[in-house]
J.: 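One structure, as C-alpha cells, below. Some questions next.
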Number of protein chains: 2
Amino acid sequence: MRATTIHGPGDIRVEQVPDAAVRLPTDAVVRVELACICGSDLWAYRGVAKRAVGQRIGHEFLGEVVEIGAEVTSVRVGDRVIAPFVWSDGTCAYCAAGLQTSCVDGGFWGSNGSDGGQGEAVRVPHADGTLVPFAADVDEAALPGLLTLSDVLGTGHHAARAAGVGPGSVVAVVGDGAVGLCGVLAAKRLGAERIISLGRHEDRAAIAKKFGATDQVAERGEAAVARVRELTGGLGAPAVLECVGTEQSWQTAMGIARDGGRIGYVGVPHEMPGLPLGDLFGRNISVAGGVAPVRAYLPELLADVLAGTIDPSPVFDRTVGLDQVADGYVAMDERTALKVIVRP
Amino acid sequence: MRATTIHGPGDIRVEQVPDAAVRLPTDAVVRVELACICGSDLWAYRGVAKRAVGQRIGHEFLGEVVEIGAEVTSVRVGDRVIAPFVWSDGTCAYCAAGLQTSCVDGGFWGSNGSDGGQGEAVRVPHADGTLVPFAADVDEAALPGLLTLSDVLGTGHHAARAAGVGPGSVVAVVGDGAVGLCGVLAAKRLGAERIISLGRHEDRAAIAKKFGATDQVAERGEAAVARVRELTGGLGAPAVLECVGTEQSWQTAMGIARDGGRIGYVGVPHEMPGLPLGDLFGRNISVAGGVAPVRAYLPELLADVLAGTIDPSPVFDRTVGLDQVADGYVAMDERTALKVIVRP
C-alpha cells in the first residue's frame with residue numbers, strides 16, 4: 001500500500017510500504033477514507049519534533065473496517081469508523097477513567113513501528129478500545145465534520161473542559177488554528193456566554209464568529225493582553241484556552257487570565273521554558289489540560305455532529321489526494337491553508 | 001511599642017517602633033495576644049527572600065481590637081479577632097469572588113510600611129474586610145487552634161480544595177511542616193478516604209496520624225515516589241498537596257501524581273525552575289492553588305475549630321515571649337521546633 005513518510009525537515013514523501021494487516025487478534029485494519037494534516041504534524045515537518053528517517057506520519061483518519069482479528073467484537077468488516085489520535089486498550093485503569101491517552105498499552109499513530117493516518121490503510125491495535133463506528137449510510141458531505149472527531153474537536157473540547165467552561169462562562173481562546181477554533185465551538189456548546197477569540201487572520205476570525213465567538217482580538221502580545229483586559233472590566237478572563245503551545249502564546253494566556261482563573265491548555269508544548277510558578281502562585285491561576293483523551297469525548301461529540309447541533313467542518317479549507325500530501329504540508333506551513341484533508 | 005524586625009540573614013531583633021495607630025477611617029488597631037512564626041518567614045530569615053534592613057516581620061496573629069476608625073462597622077473596641085495573613089478591602093471584585101489575596105487594595109503584614117504580626121500591636125487596614133471576630137469568652141487554651149486560622153489551616157485547606165479533595169478521595173501530602181500537616185487535617189475534614197503523608201520526622205508523622213493520615217512515607221526522592229506508587233496500585237495519587245515549594249518537593253509531587261490527577265500547591269515557590277510543561281501535558285496533570293485566600297475560608301474553619309470538630313493546635317510545639325522571638329527562629333530553622341508561638 002502507499003503511505004506518507006517523513007524523511008527530514010520539509011521532506012514529505014508518499015511511498016510504497018508493507019500492507020496494513022492484522023497481527024494480533026485484537027487488531028483491525030481500516031481502509032482510510034479521509035485523513036488530514038494536523039498543526040502538530042508541522043512540528044515534525046519543521047524539524048522541531050524529531051522523527052526517524054522514513055517514519056510514517058498522520059494521526060487523524062476515518063474509514064472502513066476491512067479486516068478484524070479473532071478477538072475483535074465491537075466492530076465488523078464493513079463498519080465505518082473514526083479513530084482517535086491514539087489507540088487504547090479500553091480496559092486499563094486509565095481507560096476506565098476516561099484518560100485513554102495514558103493507556104498502559106496505548107500508542108500514537110505514526111510512532112515508530114505503527115502505521116500513520118496519512119496512508120491507504122492503518123493497522124489498528126486494540127480495535128475494540130479504539131474505534132468508534134458511525135452510521136454506515138452517512139452522506140459523503142458529512143465526513144469532514146466527523147473527521148474532526150479524530151483530534152481537533154475533541155482537543156478543543158478538552159481545553160474548554162480543563163478551563164472549567166460551563167453555562168455563562170466568560171472564555172478567551174488563544175490560537176486561531178483548527179484546535180483554537182474548535183475550542184470556540186466547544187465553549188459555545190458547553191454554554192459559554194462570552195467567547196473572546198484571539199487571532200490575526202481575518203478568514204479564521206470569520207470561522208470563529210460562526211463557531212460562537214462574541215468578541216475578536218486581532219492584536220498580539222502586550223496589545224492583545226491589554227485588549228482582552230479592556231473587554232473584561234480590567235480583570236481578564238476567568239477561563240482561558242491555550243491552543244498553541246509556544247512561549248508567546250503562554251505569555252498571552254497568562255496575561256489575559258483573571259486572578260483565580262483557569263488555563264485549559266492543549267497546545268503541544270514546543271520550545272517552551274518552564275512555567276513561571278511564582279507568577280501563577282501569586283495570582284492563583286490554575287493550569288489544566290494536556291494531550292486530549294478524545295476517545296472519551298467521541299461518543300457525545302459524535303452524537304452532536306451527526307445531529308447537526310454543531311458543525312466543525314469549516315476548519316477544513318482544502319482537500320488533496322495522497323499524491324499531493326506534500327503540497328498540503330506546504331500550504332499549512334505557509335498558512336495558505338487552515339487545515340488540509342487528505343483523500344487517499 | 002515593640003515589634004520584631006529583620007536586619008539581614010539570621011538577624012532577628014525586637015525593637016522600639018512607632019505605636020500602631022489608626023490612620024485611615026477604615027483602619028483598626030489590634031493588640032496582639034498571640035502571633036507565630038511561619039515556615040515562609042524562614043525564607044527571609046535565610047536571606048533567600050529579600051527584605052529591607054529593619055523591615056517588620058510576621059503575618060499571623062490574633063488579638064483584641066483597641067481602636068477603630070470612624071468608618072469601621074464590623075468590629076468594635078474590645079472584640080477579639082483573627083487576622084488572615086493579608087488584609088483586603090472586602091468589596092472589590094476579587095474579594096467578592098473569595099480571592100482576597102488578589103484584592104486591589106490588599107497587602108501583606110510586614111510588607112514595607114506596614115506593621116508585622118510579631119509585635120505588640122498591628123494597624124489593620126480595611127478592618128471590615130479583613131478581621132474575623134471570635135467569641136470574646138473563649139478559653140485561653142483555645143487560642144493556639146484559632147491562631148492557625150491566620151494562615152496554616154486555611155493554607156492547607158486551600159491545597160486540598162485546589163487538588164479537588166472530597167469524599168472518598170485518595171490524597172498524598174508532600175511536606176510535613178505545619179502547612180502540610182494542616183493539609184492532612186483539611187483533607188480528612190473534606191472526606192478523604194486515604195491520606196498518604198510524606199515526611200521523615202517521626203514527631204511530625206505522629207501529628208499527621210492524629211490529623212487523619214492513613215499511610216506514612218518516610219522515604220525521600222525517588223524512593224518516596226516508588227513507595228507512594230506501591231501504595232496506590234502503581235498508579236500514583238489522584239490528588240497531591242504540594243506544601244513545600246522547592247524543586248525537590250515538586251519533583252516528588254509530580255512523581256507521585258496519577259496521570260489525570262491534580263496537584264494543589266501552596267508551598268511558596270523558592271529557587272524553583274519553571275514547571276516542566278511537557279511532562280504535565282503528556283500525563284494530563286493539573287496544577288492549581290497558590291497563595292491561599294484564607295479570609296474566604298475563615299468563617300467555616302473557625303466554626304469547626306470552635307466546635308471542636310477539628311483541632312489544629314498540635315502544629316505548635318513551643319511558645320516564646322517577644323524578647324525570645326529570635327530563639328524561635330533559630331528553633332524553626334534548625335527544625336528543633338515545628339511551629340513557634342510568640343506571646344508579646
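Quick note on labels: first sequence line is chain A, next is B, and so on, each numbered from 1. These values consider heavy atoms only, across backbone and side chains, with no hydrogens, waters or symmetry-generated copies.
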J.: Not counting sequence neighbours, which residues clear side chain to side chain donor-acceptor pair (under 3.5 Å) with Glu193(A)? List them please.
T.: none
J.: Name the member of Gly289(B), Gly278(B), Pro276(B) that forms the most heavy-atom pairs with chain A at distances under 4.5 Å.
T.: Gly289(B)
J.: Please round to the nearest 0.5 Å and tell me the distance separating atom NE2 of His270(B) and atom CZ of Phe281(A).
T.: 8.5 Å
J.: I'd like to know which of Val287(A), Asn284(A), Val268(A) tops the heavy-atom pair count under 4.5 Å against chain B.
T.: Asn284(A)
J.: Counting heavy-atom pairs under 4.5 Å to chain A, which of Gly98(B), Ala93(B), Gly267(B), Ala97(B) comes out on top?
T.: Gly267(B)
J.: Determine which residues belonging to residues 100-108 of chain B lie within contact range of chain A, meaning some heavy atom pair is under 4.5 Å apart, and list them by number or answer 'none'.
T.: Thr101(B), Ser102(B)
J.: Indicate the atoms forming the closest heavy-atom contact of Val291(A) with Gly282(B), along with that distance.
T.: CG1-O, 3.5 Å
J.: Using a 6.0 Å cut-off, check whether atom CD of Glu300(A) has over 12 heavy atoms from anything other than its own residue.
T.: yes
J.: So which bits of residues 150-184 of chain A come within less than 4.5 Å of chain B, counting non-hydrogen atoms only?
T.: His158(A)
J.: With a 4.5 Å heavy-atom cut-off (strictly below), which parts of residues 243-265 of chain A touch chain B? List them by number.
T.: Trp250(A), Arg258(A), Asp259(A), Gly260(A), Tyr265(A)
J.: Please look at Leu99(B) and chain A and tell me whether the side chain, the backbone, both or neither of the residue comes under 4.5 angstrom of a heavy atom of that chain.
T.: side chain
